Participant: 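Structure below; questions to follow.
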Amino acid sequence: VRDFPQLLKDTFISDLMDNPYNISTSIHIEPTDTGDAMTFLQRKLTALESQSQERKKKNHRAGTDYIPWELKNAIKENEELLESIQKKNKKIFYVGVYINVSAGSIEQLEDITRTINRICRKHLIICDVLTHQQEIGMASVLPLANNKAGIKRILLTDSTAILMPFSAQSLMHPGGFFYGYNQVTGAMTVFNRKSLKNPNGFVLGIPGSGKSLSEKLEIIDVLELTNDDVIIVDPEREFLPLCEKYNGESIVISAGAKTRLNVMDVSKDYADDDDPIQLKAEFILSICQTIKGSLTASEKTIIDRCVKLSYRKFIENNWNQDYIPDFNDFFEHVKAQPEKEAKDIALAIELYTTGSLNVFSGKSNVSLSNRLTVFDTKDLGKNLKKLGILITLDTIWNRICQNRDEGKFTWIVTDEFYLLFDDTDGEESYSANYYYELYKRARKWGGIPTGITQNIEDLLQSRKARTMLSNSQFLLLFDQAPSDRQEIQKLLNLSDTQMSYVTNAEQGSGLLISGKYVIPLERKYPDNNIIYKIITTKVGETGQA
């Protein structure tokens with residue numbers, strides 16, 4: 001490159017390299033001392049102004065005022081360079097750019113040369129062929145930082161930076177997990193969510209994009225490489241093979257299941273500085289409101305009173321778990337109250353205590369201490385759905401509190417996350433509000449929640465869900481549906497180039513987003529091993545190891 005324009009566009013290098021030819025470009029950048037640069041430019045400006053004065057004298061004798069455009073432009077450029085250094089704190093660099101092309105014939109070589117010259121002219125760049133100097137030209141292109149040809153031009157900081165589009169972000173966190181290869185550099189991306197101020201995250205993508213497989217591999221890394229616990233909310237029974245492989249506890253929640261989860265379970269760790277029983281009373285209020293639809297002030301008072309009565313013996317016995325009440329105990333206390341409103345409350349919750357939907361009525365009969373716990377909610381019927389998810393989330397919160405007391409992290413994975421934000425009744429469910437609070441408080445308690453969803457459009461309609469997405473410091477985006485792309489791009493402030501990695505992307509390819517990092521990832525897991533059989537969801541490929 002013999003000469004550059006005063007303003008250089010950042011598309012020059014990409015236009016040059018985006019051709020089906022064998023092209024190698026080498027850029028030599030040599031910084032200069034500011035004082036030396038100033039001295040050089042001042043001398044050059046003095047010489048140019050002397051030439052201008054000589055031209056004016058000749059013009060005066062000849063009776064004309066013509067000054068060559070090249071001379072006037074050179075003086076103007078030098079003045080602007082001096083001003084940029086003095087007033088704008090810019091620096092000067094000597095820059096040499098060499099473009100090496102190769103072809104199978106002279107004719108093809110000349111055709112490529114014409115193409116390159118056309119691209120350069122488009123950017124107002126002047127290129128020359130190093131005739132009879134091909135050897136030193138080739139030596140200058142080699143990545144040895146040796147400008148053999150010695151051709152260099154002066155550029156300011158901004159124009160020099162334009163020639164450096166080869167910036168690629170990479171992540172290699174100590175103690176992190178492998179999430180894939182960087183599509184730009186080919187480097188491994190190793191990321192540690194625990195190093196973030198807020199490790200909460202989401203995995204988003206259309207069916208078949210690779211989101212479930214990616215999350216299962218993360219869960220395997222947690223189980224294999226750490227002592228952390230993992231809890232999964234599984235509405236599609238998709239994680240059962242993984243649970244069986246790692247001897248986890250699968251808790252099936254449905255009306256016909258023998259599983260029992262105690263609504264009244266609580267420990268001293270349930271709250272931080274607040275009263276655990278008071279917080280539990282608020283939870284029972286939301287349970288009753290979910291069941292009954294709405295509560296009057298009188299009914300809320302009765303429920304609060306009965307919660308405290310239910311826990312009296314438990315507290316008197318120094319929080320001994322042998323005396324923990326259950327929902328039946330609460331039901332009996334409600335029935336014993338003299339107010340008419342108490343009868344209405346008792347009638348509403350009878351179905352869920354002594355009635356056919358009594359899955360949450362007795363003491364818990366499942367192990368909640370396994371490192372891997374899966375809450376299987378697939379068979380949760382319509383009448384139990386909202387209540388079941390709400391109680392499941394409260395059980396998870398109990399586990400998070402206990403783990404924090406033991407100094408352990410708890411990973412919470414929620415598949416089909418959009419189901420929590422079902423607003424078929426015209427307002428967001430209590431489960432959505434509960435998860436929102438859990439999501440905000442999890443960091444301080446050692447919780448690392450992850451939401452997986454394909455119905456992003458439904459999710460983005462919720463104000464709380466949008467807030468959670470925009471505040472997450474860990475996002476895995478896979479192939480996105482056309483209707484979701486624009487919303488996702490606007491919400492996460494992604495460029496068109498970045499969005500191209502989640503537009504018609506191959507399975508396992510997408511973006512990892514964490515704060516200032518936006519890494520285009522690719523991960524193709526081999527299908528000829530035991531692990532693949534338990535993490536794939538493809539029909540005909542699933543199986544148990």
Side-chain angles (χ1 to χ4, degrees), residues 168-173 175-194 199 201-226 228 230 232-234 236-248 371-372 374 411-417 448 450-454 456 474-481 500-514 517-545:
Q169 294 175 318
S170 60
L171 288 170
M172 186 63 70
H173 286 177
F177 303 149
F178 173 69
Y179 285 92
Y181 293 100
N182 189 313
Q183 290 191 54
V184 176
T185 65
M188 292 196 304
T189 297
V190 177
F191 192 79
N192 186 355
R193 291 175 65 177
K194 293 180 187 176
F202 282 91
V203 182
L204 311 173
I206 63 173
S209 60
K211 61 184 184 300
S212 293
L213 186 142
S214 176
E215 184 52 37
K216 288 172 185 174
L217 290 173
E218 182 183 58
I219 292 169
I220 289 173
D221 283 343
V222 173
L223 297 172
E224 296 278 4
L225 304 177
T226 74
D228 304 342
V230 180
I232 303 169
V233 180
D234 183 11
E236 297 294 335
R237 201 163 293 152
E238 186 180 319
F239 290 82
L240 182 60
L242 181 66
C243 182
E244 293 177 347
K245 171 65 179 175
Y246 283 91
N247 298 316
R371 278 197 66 205
L372 175 60
V374 178
W411 297 67
I412 311 103
V413 179
T414 307
D415 198 13
E416 303 299 345
F417 184 78
I448 305 176
T450 303
I452 310 173
T453 191
Q454 60 186 1
I456 304 171
F474 177 83
L475 292 174
L476 278 178
L477 295 188
F478 293 99
D479 192 14
Q480 301 295 309
S500 68
Y501 290 102
V502 292
T503 303
N504 300 321
E506 294 184 4
Q507 185 182 33
S509 297
L511 292 174
L512 186 155
I513 303 173
S514 178
Y517 293 102
V518 182
I519 311 293
L521 288 183
E522 179 182 34
R523 188 174 192 180
K524 295 181 179 178
Y525 196 82
D527 59 2
N528 57 350
N529 58 78
I530 293 173
I531 295 298
Y532 181 81
K533 290 289 185 182
I534 65 174
I535 63 176
T536 183
T537 55
K538 290 183 178 179
V539 177
E541 293 185 356
T542 56
Q544 298 179 10

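Bear in mind the structure is a predicted one, so any value in this text is a computation, not a measurement. Residue numbers count from 1 along this sequence.
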Participant: Can you find a heavy atom in the side chain of Asp527 that is under 4.5 Å from one in the side chain of Thr536?
Facilitator: no
Participant: Going by the rule side chain to side chain donor-acceptor pair (under 3.5 Å), which residues pair with Glu522 if we only count those two or more places apart in sequence or in a different chain?
Facilitator: none
Participant: Compare every heavy atom of Asp479 with every heavy atom of Ser209, then report the nearest pair and how far apart it is.
Facilitator: CB-N, 3.8 Å
Participant: Taking atom CD1 of Ile513 and atom CD1 of Ile519, what is their separation to the nearest 0.5 Å?
Facilitator: 10.0 Å
Participant: Hey, is the main chain of Leu521 close enough, under 3.5 Å, to the side chain of Gln183 for a donor-acceptor pair?
Facilitator: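 Yes.
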Participant: Tell me every residue that passes side-chain contact (heavy atoms from CB on, under 4.5 Å) with Thr226, counting only those two or more places apart in sequence or in another chain.
Facilitator: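 Phe177, Lys194, Val222, Asp228, Arg371.
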Participant: Only counting residues at least two apart or in another chain, list the ones meeting side-chain contact (heavy atoms from CB on, under 4.5 Å) with Arg193.
Facilitator: Tyr179, Phe191, Pro199, Glu218, Trp411, Ile448, Thr450, Phe474
Participant: Distance check, rounded to the nearest 0.5 Å: Lys211 atom NZ versus Lys216 atom NZ?
Facilitator: 10.5 Å
Participant: Drop me the distance from Lys533's NZ to Lys245's NZ, to the nearest 0.5 angstrom.
Facilitator: 14.0 Å
Participant: Which distance, rounded to the nearest 0.5 Å, do you find between the CG of Leu171 and the OG1 of Thr189?
Facilitator: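 Separation between the atoms: 6.0 Å.
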Participant: Sorted by first residue and then second, give each salt bridge (Lys or Arg N to Asp or Glu O under 4.0 Å) pair with at least one member in residues 501-512; sequence neighbours left out.
Facilitator: Glu506-Lys524
Participant: To the nearest 0.5 Å, what is the distance between CG (Leu213) and OH (Tyr525)?
Facilitator: 8.0 Å
Participant: Report yes if some heavy atom in the side chain of Phe417 is under 4.5 Å from a heavy atom in the side chain of Val233; otherwise report no.
Facilitator: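 Of all side-chain heavy-atom pairs linking Val233 with Phe417, none is under 4.5 Å.
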Participant: Applying side-chain contact (heavy atoms from CB on, under 4.5 Å), can you list everything that pairs with Tyr246, at least two apart in sequence or on another chain?
Facilitator: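 For Tyr246, the residues satisfying side-chain contact (heavy atoms from CB on, under 4.5 Å) (neighbours in sequence not counted) are Ile220, Leu223, Glu224, Leu242, Leu372, Ile531.
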Participant: For Asp234 and Phe239, indicate whether the former's side chain and the latter's backbone hold a donor-acceptor pair under 3.5 Å.
Facilitator: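 Yes, the answer is positive, given that a donor and an acceptor are paired below the 3.5 Å cut-off.
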Participant: Name all residues meeting the side-chain contact (heavy atoms from CB on, under 4.5 Å) criterion together with Tyr181; count only those two or more places apart in sequence or in a different chain, and write none if there are none.
Facilitator: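 Listed in chain order: Phe178, Met188.
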Participant: Tell me, with the steps shown, if Leu217 and Arg523 meet side chain to side chain contact (heavy atoms under 4.5 Å, CB included).
Facilitator: CA-CA 11 Å; Leu217 290 173; Arg523 188 174 192 180; 3.5 Å; yes
Participant: Gln480 pairs by side-chain contact (heavy atoms from CB on, under 4.5 Å) with which of Leu511, Thr503, Leu204?
Facilitator: Leu204
Participant: To the nearest 0.5 Å, how far apart are CG in Leu476 and OG in Ser514?
Facilitator: 10.0 Å
